Protein chains: 2
Amino acid sequence: MAISAQSAKAFEDHNHQRCCGEVLEQAHKLATSGGLRLTPVRRRTLEILLEEHRAMGAYEVLERLAKDGFGKQPPVAYRALEFLVENGLAHRIRRLNAFAACMTPGQPHAPAFFICELCNCVAEVQDVSVRQAVEAAAAGIGFGVSRANVEVVGTCPACHKGRDQ
Amino acid sequence: MAISAQSAKAFEDHNHQRCCGEVLEQAHKLATSGGLRLTPVRRRTLEILLEEHRAMGAYEVLERLAKDGFGKQPPVAYRALEFLVENGLAHRIRRLNAFAACMTPGQPHAPAFFICELCNCVAEVQDVSVRQAVEAAAAGIGFGVSRANVEVVGTCPACHKGRDQ
DNA sequence: GCAAGAAATGTAATGTTATTACATTACCTG
DNA sequence: CAGGTAATGTAATAACATTACATTTCTTGC
Ligand SMILES: [Zn+2]
Ligand SMILES: [Zn+2]
Ligand SMILES: [Zn+2]
Ligand SMILES: [Zn+2]
């Protein structure tokens, strides 16, 4: 049995201010050490994604950026988001046509996303056993994995509880 | 270790005529026994999806349907596709904004999709261990799973071989 | 410091995917 | 065959995403 289910901050009571702060700091470190340019739009985009543990559509991000004085056209948001995704600072959630900040930037990645269909919160979990199962299945059919999306829809602990009343 | 990687027809030499035929027959059975109405548009849509082991966009399906004398507007395709998905005769591949015929309709379902980024073919694999890993991860964070998307991008056996020359 | 090139940003236009709303037709049921 | 329900057809629009190109900012070798 492989190591499984790490903490899913999104579903736990936690100091979110600090939670964001840590991720932003980590992002900053990665930028300086890795030669990435975390420009104002990009940084602001990451901050916006970090505000809540949920995914945001590109146009929702764009609206926020426009209010903050950045450009008003879709490429402004899409470019910033693309940069974040390519550099491991955000993830794209295909199921939602949306983006979420990465909660463990810079670390080895095999994320699974758990999306609550009631409150829309999204938890990113680094789960080795899911990845291993995918790799094993791929090996069984001679498939070479380059990227895997694991997106699970259901109810988060809080909403799950509420529903059973 | 759980049972893993069943056959992935899409990646194997096989009698595809027969492969389609079986799925269509199975779909027909399900329809009659389950009280589903597999109307002409819906049946034709399924046939179109079955022609190749790849996913098709709704507008691509629509074009084909229109040529066959059905309606020319998006809802024609989207409705037929929605019907097929809801009744387990097709799957939606979020990663591709596209749809693929289900290769094992009527049977218990925990599909993972393997998408070749070179030839665009898509294999549907019923893999218990992937599902188990997802369930375990979910249990670990108190999440109640209702649906899971597992979509893996990479290279299929044929393309993988070709690339190593 | 300052030109030349590269990277990032801003904007307009357009392409692609998906849904809403409503009229019409086909189907079932008594 | 009337009355209700499910399915289909069409128009309009919404939501998501990309291309193309002008402009600015940053870097780098001199
Ligand atoms: Zn937090
Ligand atoms: Zn991550
Ligand atoms: Zn086949
Ligand atoms: Zn299936």
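Numbered from 1 within each chain, the chains take letters A, B, ... in sequence-line order. Bear in mind that the values here come from a model prediction, so they are computed numbers and not experimental data.
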*asked:* Applying the 5.5 Å / 30° rule, does A:Y59 stack onto the base of D:dC16?
replied: yes
*Electrostatic pair A:E47-A:R44, nearest N-O below 4.0 angstrom*: yes
*Report the residues that fulfil ring pair (Phe, Tyr, Trp, His ring centres under 6.0 Å) with A:H28, sequence neighbours left out, ordered by chain and then residue number.*
none
*Once you round it to whole Å, what is the distance between P of C:dT17 and CZ of A:R95?*
18 Å
*Grab the CG-P distance between B:L36 and C:dC27 for me, whole Å please.*
17 Å
_Among C:dG10, C:dA21, D:dA17, the one nearest A:F70 by side-chain distance_ = C:dG10
*Ignoring backbone atoms, establish whether A:N97 has a side-chain N or O less than 4.0 Å from OP1 or OP2 of D:dA15.*
no
*Is B:T39 near enough to C:dA26 that one of its side-chain N or O atoms lies under 4.0 angstrom from OP1 or OP2?*
no
_Touch class at under 4.0 angstrom, heavy-atom based, for B:R42 against every strand present_ = sugar-phosphate
*Tell me: CD1 of B:I93 to C1' of C:dT17, nearest whole Å?*
16 Å
*B:R79 side chain: which of D:dG9, C:dT9, D:dT19 is closest?*
D:dG9
*On DNA chain C, check which nucleotide each of B:R37 and B:Y78 is closest to and give me the residue with the more 5' one.*
B:Y78
*How about B:E124 and B:H109: does a side-chain donor come under 3.5 Å of a side-chain acceptor?*
yes
*Minimum-distance nucleotide to A:V76 side chain [options: C:dG10, C:dA8, C:dT19]*: C:dG10
_Using the side-chain heavy atoms of A:Q73, tell me which of these nucleotides is nearest: D:dA17, C:dT19, C:dT11._
C:dT11
*Pick one: which of B:T45, B:L81, B:V76 meets side chain to side chain contact (heavy atoms under 4.5 Å, CB included) with B:L62?*
B:V76
*Just checking, is any N or O donor in the side chain of B:R94 or B:N149 under 3.5 Å from an acceptor N or O on the other one?*
no
*Find the distance A:L81:CG to D:dC16:P and express it as a whole number of Å.*
13 Å
*For A:L96 and C:dA18, what is the distance between atoms CG and C1' respectively, to the nearest whole Å?*
15 Å
*Rounded to whole angstroms, how far apart are CG on B:L38 and P on D:dA6?*
18 Å
*Starting at the 5' end of DNA chain D and moving along, which residue's nearest nucleotide shows up first, A:R92 or B:V41?*
B:V41
*Take the protein atom CG of A:L65 and the nucleotide atom C1' of C:dA8, then report the distance between them rounded to whole Å.*
14 Å
*Presence of B:R94 side-chain N/O under 4.0 Å of C:dT17 phosphate oxygens OP1/OP2*: no
*Which whole-number value in Å describes the distance from B:L84 CG to D:dA7 C1'?*
14 Å
*Nearest to the side chain of B:K72, which nucleotide is it out of D:dG9, D:dT10, C:dA8?*
D:dT10
